[in-house]
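Read through the structure below, which is laid out as structure tokens, and then see the notes.
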Amino acid sequence: MDNLSAYKKPLLLLIFLSFTGVVLAQDTIKWTEKSAAKWLRSKEWKNGLKLEAHPSVNKIVFAEQYHKNKAVWDKALAFLRDSNLLTLKPGKYVIDGDNAYATITEAPSKTFEQSAWESHRKYIDLQYVIKGEEKIGVAPITTASVIKPYDGSKDVANYNAEGQFYIATPGTFFLFFPGDAHRPNIKVDGYDIVKKLVIKIKVAE
């Protein structure tokens with residue numbers, strides 16, 4: 001029995017080290033535009049989610065963040081998949097402590113002048129229009145000029161920027177990472193009240 005145990009211990013150690021190596025390899029993979037686009041198309045990250053990621057989403061950063069923090073992303077996307085968003089009341093919904101939480105609003109959109117360019121460092125924004133339409137601007141922060149420095153207590157900085165604008169509609173969600181300045185909640189004619197979901201997902205270092 002002692003001899004058998006002597007063989008088992010090195011074998012178990014080898015299995016453990018092999019598994020750890022696989023996990024570390026996934027965490028340190030060097031994503032390219034091609035490999036990230038292939039991963040996104042594979043839809044393995046969806047786990048049955050019917051919604052689509054907007055074409056503006058930074059595929060490389062999405063792949064990096066998902067694989068660094070897979071358990072949290074899976075919970076956030078499961079909330080998006082399993083919740084009846086049309087019937088959920090406005091308010092805050094905890095998904096995974098302070099790692100991921102959702103906020104639902106049902107309110108008037110803003111005029112362009114009332115809206116603002118912003119970015120975040122601690123949390124990634126997943127933004128999804130449940131009912132209605134709104135316009136959202138996207139721009140790299142590297143091309144934006146800061147008008148209000150980053151406030152850590154609010155996790156926000158504000159900018160002047162020239163970006164690309166899109167119409168957000170049900171069926172497609174947006175992702176905004178720390179490198180993305182975004183200008184959401186802009187009114188689209190004919191849609192006075194918009195029901196919207198924002199999921200905050202903690203940035204993985």
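Every heavy atom of this structure was used, including side-chain atoms; hydrogens, water molecules and symmetry mates were not.
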> Without hydrogens or angle criteria, can the side chains of S119 and Y159 be said to hold a donor-acceptor pair below 3.5 Å?
Replying inline: yes
Separation of [Y] [atom2] from [X] [atom1] (nearest 0.5 Å):
X: K30; Y: T32; atom1: NZ; atom2: OG1; result: 10.0 Å
X: I147; Y: N160; atom1: CD1; atom2: CG; result: 4.5 Å
X: S56; Y: F174; atom1: OG; atom2: CZ; result: 5.0 Å
X: S115; Y: I186; atom1: OG; atom2: CD1; result: 4.0 Å
X: L49; Y: D82; atom1: CG; atom2: CG; result: 9.0 Å
X: L88; Y: E106; atom1: CG; atom2: CD; result: 11.0 Å

Taking all non-hydrogen atoms of both residues into account, name the closest pair between [X] and [Y] and its distance.
X: G132; Y: P170; result: O-CD, 3.4 Å
X: A53; Y: W45; result: CB-CH2, 4.3 Å
X: I141; Y: D180; result: CG2-C, 3.9 Å
X: A157; Y: P149; result: CB-C, 4.1 Å

> Quick one: are the ring centres of W73 and H67 less than 6.0 Å apart?
Replying inline: no
> Are H54 and Y166 close enough that their ring centers fall under 6.0 Å?
Replying inline: yes
Could you tell me whether the side chain of [Y] reaches within less than 4.5 Å of the side chain of [X], counting heavy atoms only?
X: H120; Y: P178; result: no
X: T169; Y: V129; result: no
X: E52; Y: K43; result: yes
X: V72; Y: I201; result: yes

State plainly whether one hydrophobic cluster holds both [X] and [Y], where clusters connect Ile, Leu, Val, Met, Phe, Trp and Tyr through side-chain heavy atoms under 4.5 angstrom apart.
X: I60; Y: I29; value: yes
X: V138; Y: L126; value: no
X: V61; Y: I136; value: no
X: F176; Y: V198; value: no
X: F165; Y: Y191; value: no

> side chain to side chain contact (heavy atoms under 4.5 Å, CB included) between T172 and L51: does it pass, once the steps are laid out?
Replying inline: CA-CA 6 Å; T172 303; L51 306 181; over 6 Å; no
Strictly distance-based, threshold 3.5 Å: is any side-chain N or O of [X] a donor or acceptor partner for the main-chain N or O of [Y]?
X: K38; Y: S42; result: no
X: S83; Y: L80; result: no
X: D96; Y: N99; result: no
X: H182; Y: W117; result: no
X: R183; Y: F112; result: yes

> Tell me the salt bridge (Lys or Arg N to Asp or Glu O under 4.0 Å) pairs involving residues 194-205, sequence neighbours left out?
Replying inline: D98-K202, D125-K200, E134-K196
>> Could you check whether E64 pairs with K59 (Lys NZ or Arg NE/NH1/NH2 to Asp/Glu carboxylate O, under 4.0 Å)?
In response: no
> Taking 4.0 angstrom as the limit, do K122 and D155 come out as a salt bridge?
Replying inline: no
> Should the heavy atoms of other residues, nucleotides or ligands under 6.0 Å from CG of N84 be counted, would the total exceed 12?
Replying inline: yes
> What do you reckon, is CD of E162 surrounded by more than 12 foreign heavy atoms closer than 6.0 Å?
Replying inline: no
> Which word best sums up how the rings of F62 and W39 line up, parallel for under 30°, tilted for 30 to 60°, or perpendicular for over 60°?
Replying inline: perpendicular
> Checking ring pair (Phe, Tyr, Trp, His ring centres under 6.0 Å) against Y101, which of Y93, F79, Y123 comes through?
Replying inline: Y123
> Which is it for K187 and D192 under the side chain to side chain contact (heavy atoms under 4.5 Å, CB included) test, yes or no, and what are the steps along the way?
Replying inline: CA-CA 7 Å; K187 181 177 171 57; D192 296 326; 2.6 Å; yes
> Is there a salt bridge (charged side-chain N to carboxylate O under 4.0 Å, His left out) between K148 and E118 once you walk through the steps?
Replying inline: CA-CA 9 Å; K148 190 174 180 182; E118 62 185 36; over 6 Å; no
> Where do L77 and N47 land on the side chain to side chain contact (heavy atoms under 4.5 Å, CB included) test, with the steps shown first?
Replying inline: CA-CA 8 Å; L77 294 171; N47 292 316; over 6 Å; no
>> If we check side-chain contact (heavy atoms from CB on, under 4.5 Å) with I199, which of these qualifies: I104, T103, I95?
In response: I95
